[in-house]
Amino acid sequence: MTPEQLSDVVRSAVAAAVERGVLSVAVPDEVVIERPKNPEHGDYATNVALRLAKAAGRPPREVAEVLAGELRGVEGVSAVDVAGPGFLNVTLAKDALGQIAVRVVAAGEAYGCTEVLAGQRLNLEFVSANPTGPVHIGGTRWAAVGDALGRLLTASGAQVTREYYFNDAGAQIDRFALSLLAAAHGRPVPEDGYAGDYIAEIAAQVVAAEPGVLELPEAEQQERFRVLGVDLMFAEIKRTLADFGVVFDVYFSERTLHETGALEKAVARLREQGHVYEADGAVWLRTTTFGDDKDRVLVKGDGETTYFAADCAYYLDKRERGFDKVVIMLGADHHGYIGRYKALVAALGDDPDTNLEILIGQLVNLVRDGEPLRMSKRAGTVVLLEDLVAAVGADAARYALARASVDQQIDLDLDLWSRQTNDNPVFYVQYAHARISSLLRGAADLGLPLGEAGDVDTAALAHQREGDLLRALGEFPRVIASAAELRAPHRVARYLEELAGTYHRFYDSCRVLPRGDEEATPVTTARLWLCAATATVLRNGLAVLGVSAPERM
RNA sequence: GCGCCCGUAGCUCAGUGGAUAGAGCAGGUGCCUUCUAAGCACUUGGUCGCAGGUUCGAUCCCUGCCGGGCGCGCCA
């Protein structure tokens, strides 16, 4: 019996008590099932009596006693106790608990998938680094977290489009083009230009692709360097991200918004809504009406549109593509945008609390030899996605970035994460998977197949450590669902570390394969199913994080 | 000045209003002729920054304060 099934059982018990007139209360939609920390408190606990007590007009313990009476007859439930202020502690029958292993193996890759977000159409935008240079460490955090979140949302039933918005218009791109041009001519880096080896490399690639380019008039040269440079830089970004395991469904060009007239349309739309005014020669959006701390310029005094105006058009475009909710992941250095973005959504007549969600992630510091690596473009100590991958590998990089809460600044210790020892959490988890794989190979060598699900004696899983492992496996769907709802992929990583630990403890005290001349027993088979189930969950969890589950280490 | 995030064990950090606040590392003591010791067991270590409030119950929610990080352009 899984916690979800138990939740239904308890809810039915409430309904039954109401039906029989021994309890007078509205039956709750959902009953929360918890896993007690103290093993003496049974397999599962619920606070349902505490929650219903007030509405029922009776003391919590009394409500609990009523429900305990209903639950005691249920198949698969071996004991129900009322404890503390009114908790119901439920102990499952051994075979009912053991069935979790069978369910996990049967579900395979689908174990952990739920429908809690079914029907939601989400646009998930992350990374969105401009194609004026390689992806930095900050964007790398979003690549790891955003990709994991995308998988979580999908696993929870949402329709998700992963989107990368790139700025290929405006002054920043002009500076990029001018920097390439300067490099091609051997001139110094222009004012506010981009430095770095990659500029010279891309400039050389542009010249190689279009040999006559340096003979064109200056303005045309700049245009060619812009077009080809952006293409080359963006191809490089995509390649790096793909090596990191991150691929987007849509790469959205800001330039197209300018070219299709979407910007003018967006400004006109805002004007119709009555939130646009002109002052000091510029066109403004009155975002202060919707809680922003100052109004924002849409069209500058020189007639150019702002990046914010493009954001308006881009938001409208997403909504017109049918997304219910626009989710944008940004670094902490951009958190100031929340106010204006929310205001923009409100100004367009949408609900900023349901149609827009902005996730802010704190910054990443790298540490080497115990010393923080201060990043500085000037000093040439900018750390790139590829640097991180080169230092610790893609698995460790993704895991390290995804295991921390996004609200937490990370000090990522390159020494620790490149170490292949047990103080490196990703190896602890991967090792558990490799260990199971090895064991299952051993079982195959001994001619011990898993066999049919119906033939497994799940009641044979009676050891304390087996129960611990089964309960841990039963948590996985709820971990995935809550991590998706809370936009917190790190919960999956933490869960996996706990699961790996639970497995190692099981392994240490429960021999799986027969030794020497011993015969396989029903316990052997049941434990093999338990191992296979654990491997499945480790694989599924690591897959969410985009980390490999090695068969051998 | 205003806004966002953080403050939990020596260190790095989990903890979606519930029972005795957890993990890893570091320190100490043990466990490999036996399925991967990249493992396990035991052990040391806490005014959950401080002060109020909300309620059956607060590390969690609210208010104020103290520390640290990041922002506050007709830049993108």
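Given the structure is predicted, the values throughout are model-derived calculations rather than measurements. Basis for what follows: all heavy atoms, side chains included, without hydrogens, waters or symmetry-related copies. In what follows, chains carry the letters A, B, and so on, assigned in the order in which the sequence lines appear, proteins first and then strands, with residues in each chain numbered from 1.
Partner of A/Phe252 under the ring pair (Phe, Tyr, Trp, His ring centres under 6.0 Å) criterion, out of A/Tyr164, A/Phe166, A/Tyr314: A/Tyr314 alone.
Not a single donor-acceptor contact under 3.5 angstrom links the side-chain atoms of A/Asn47 to the base of B/rA19.
When the nucleotides B/rG71, B/rA19, B/rA14 are ranked by their closest atom to the side chain of A/His335, B/rG71 comes out on top. Closest to the side chain of A/Phe87, out of B/rC70, B/rG18, B/rU36, is B/rG18. For A/Pro36, counting side-chain heavy atoms from C-beta on, the closest listed nucleotide (B/rA19, B/rC5, B/rC13) is B/rA19. Residue A/Val297 has its side chain nearest to B/rC74 when only B/rG17, B/rA41, B/rC74 are considered. Out of B/rG68, B/rG3, B/rG39, the shortest distance to the side chain of A/Gln409 is found at B/rG68. Of all nucleotides listed (B/rG18, B/rU36, B/rC74), B/rG18 comes nearest to the side chain of A/Glu34. Listed candidates were B/rU36, B/rC6, B/rA41. Nearest to the side chain of A/Arg505 is B/rA41. Comparing B/rA38, B/rC35, B/rC72 by their closest approach to the side chain of A/Asp293 singles out B/rC72. Counting only heavy atoms from C-beta on, A/His41 has its side chain closest to B/rA19 among B/rA19, B/rC70, B/rA38.
Remark: the separation of the C1' atoms in B/rC72 and B/rA51 is 30 Å, to the nearest Å. Between the P atoms of B/rC2 and B/rU63, the separation comes to 14 Å (whole Å). Using C1' as the reference atom, B/rC70 and B/rC31 are 49 Å apart when rounded to the nearest Å. A gap of 27 Å separates the P atoms of B/rG27 and B/rA21, to the nearest Å. Spacing of P atoms, B/rA26 relative to B/rC60, comes out at 32 Å, to the nearest Å. For the C1' atoms, the distance from B/rG46 to B/rC4 is 29 Å, rounded to whole Å. When the C1' atom is used for both B/rA23 and B/rC40, the distance is 16 Å, rounded to whole Å. Spacing of P atoms, B/rG67 relative to B/rU20, comes out at 35 Å, to the nearest Å.
Heavy-atom minimum distance, A/Ile173 versus A/Pro131: CD1-CG, 4.4 Å.
The CD1-P distance, from A/Ile358 to B/rG71, rounds to 17 Å in whole Å. For A/Glu485 and B/rU16, the CD to C1' distance is 9 Å, given to the nearest whole Å. Per the geometry, OH belonging to A/Tyr399 stands 14 Å off C1' belonging to B/rA38, to the nearest Å. Atom pair A/Asp415:CG and B/rA26:P shows a separation of 15 Å (rounding to whole Å applied). The separation between A/Glu498 atom CD and B/rC40 atom P is 13 Å, rounded to whole Å. In this structure, A/His334 atom NE2 and B/rG3 atom P are separated by 21 Å, rounded to whole Å. Computed from coordinates, the A/His490 NE2 to B/rC13 C1' distance equals 10 Å when rounded to whole Å. Atom pair A/Asp333:CG and B/rC6:P shows a separation of 17 Å (rounding to whole Å applied).
Phosphate proximity of B/rU16 to A/Arg491: present, with a side-chain N or O under 4.0 Å from OP1 or OP2. A/Gln408 has a side-chain polar atom (N or O) that falls below the 4.0 Å cut-off from OP1 or OP2 of B/rA14. For the OP1/OP2 pair of B/rG73 and a distance below 4.0 Å, the side-chain nitrogens and oxygens of A/Lys294 include at least one atom meeting the criterion. Look at A/Tyr428 and you'll find a side-chain N or O under 4.0 angstrom from OP1 or OP2 of B/rC40.
If you check every strand for non-hydrogen atoms under 4.0 Å, A/Glu518 touches nothing. A/Gly170 comes within 4.0 angstrom of nothing in the nucleic acid, heavy atoms only. Within the nucleic acid shown, A/Ala169 comes within 4.0 Å of sugar-phosphate atoms alone, with no base atom in reach, counting heavy atoms only. Across all strands shown, A/Ser405 has heavy atoms under 4.0 Å from sugar-phosphate atoms exclusively, and none from any base. If you check every strand for non-hydrogen atoms under 4.0 Å, A/Ala53 touches nothing. Contacts of A/Cys510 with the nucleic acid, taken as non-hydrogen atoms under 4.0 Å apart, include base atoms. Among the protein residues, A/Arg552 comes within range of the nucleic acid bases, having at least one heavy atom under 4.0 Å from a base atom. Using a 4.0 Å heavy-atom criterion, one finds that A/Asp280 contacts the bases of the nucleic acid, with or without backbone contacts as well. Contacts of A/Ala332 with the nucleic acid, taken as non-hydrogen atoms under 4.0 Å apart, involve only primed sugar atoms and P, OP1 or OP2. Residue contacts shown for A/Leu439 include a base, since a base heavy atom lies under 4.0 Å away. Counting non-hydrogen atoms under 4.0 angstrom, A/Asp311 reaches nothing in the nucleic acid.
The base-pairing partner of B/rG46, taking Watson-Crick or G-U wobble contacts with both distances under 3.5 Å, does not exist among the strands shown. In this structure B/rG39 sits in a base pair with B/rC31, meeting the Watson-Crick or G-U test at under 3.5 Å. Using Watson-Crick or G-U wobble geometry with both donor-acceptor distances under 3.5 Å, B/rG3 finds its partner in B/rC70. Pairing for B/rG22 is with B/rC13, a Watson-Crick or G-U wobble pair whose two hydrogen-bonding atom distances lie under 3.5 Å. Nucleotide B/rC61 has B/rG53 as its partner under the Watson-Crick or G-U criteria, with both atom distances under 3.5 Å.
Environment of CD in A/Glu518: crowded, with over 12 heavy atoms of neighbouring residues, nucleotides or ligands closer than 6.0 Å.
In terms of position along RNA chain B, the nucleotide closest to A/Arg403 lies nearer the 5' end than the nucleotide closest to the other residue of the pair A/Arg403 and A/Tyr507. Nearest-nucleotide positions on RNA chain B for A/Arg511 and A/Leu486 put A/Leu486 closer to the 5' end.
Once rounded to the nearest 0.5 Å, the distance linking CG of A/Leu285 with OH of A/Tyr277 reads 8.5 Å. With rounding to the nearest 0.5 angstrom, the OG1 atom of A/Thr132 is 12.0 Å from the CG atom of A/Asp174.
Between A/Leu545 and A/Leu496, some side-chain heavy-atom pair lies under the 4.5 Å cut-off.
Although no hydrogens or angles enter the test, the distance criterion places a donor-acceptor pair under 3.5 Å between the side chain of A/Asp413 and the main chain of A/Leu416.
Residues A/Phe506 and A/Tyr503 bring their aromatic ring centres within 6.0 Å.
Between A/Asp468 and A/Arg471, at least one side-chain N (NZ, or NE/NH1/NH2) sits under 4.0 Å from a carboxylate O, which counts as a salt bridge. We find that A/Arg403 and A/Glu497 are joined by a salt bridge, their nearest charged nitrogen and carboxylate oxygen being less than 4.0 Å apart.
Against the 90° criterion about 0, the sugar-base torsion of B/rC42 places it in the anti range.
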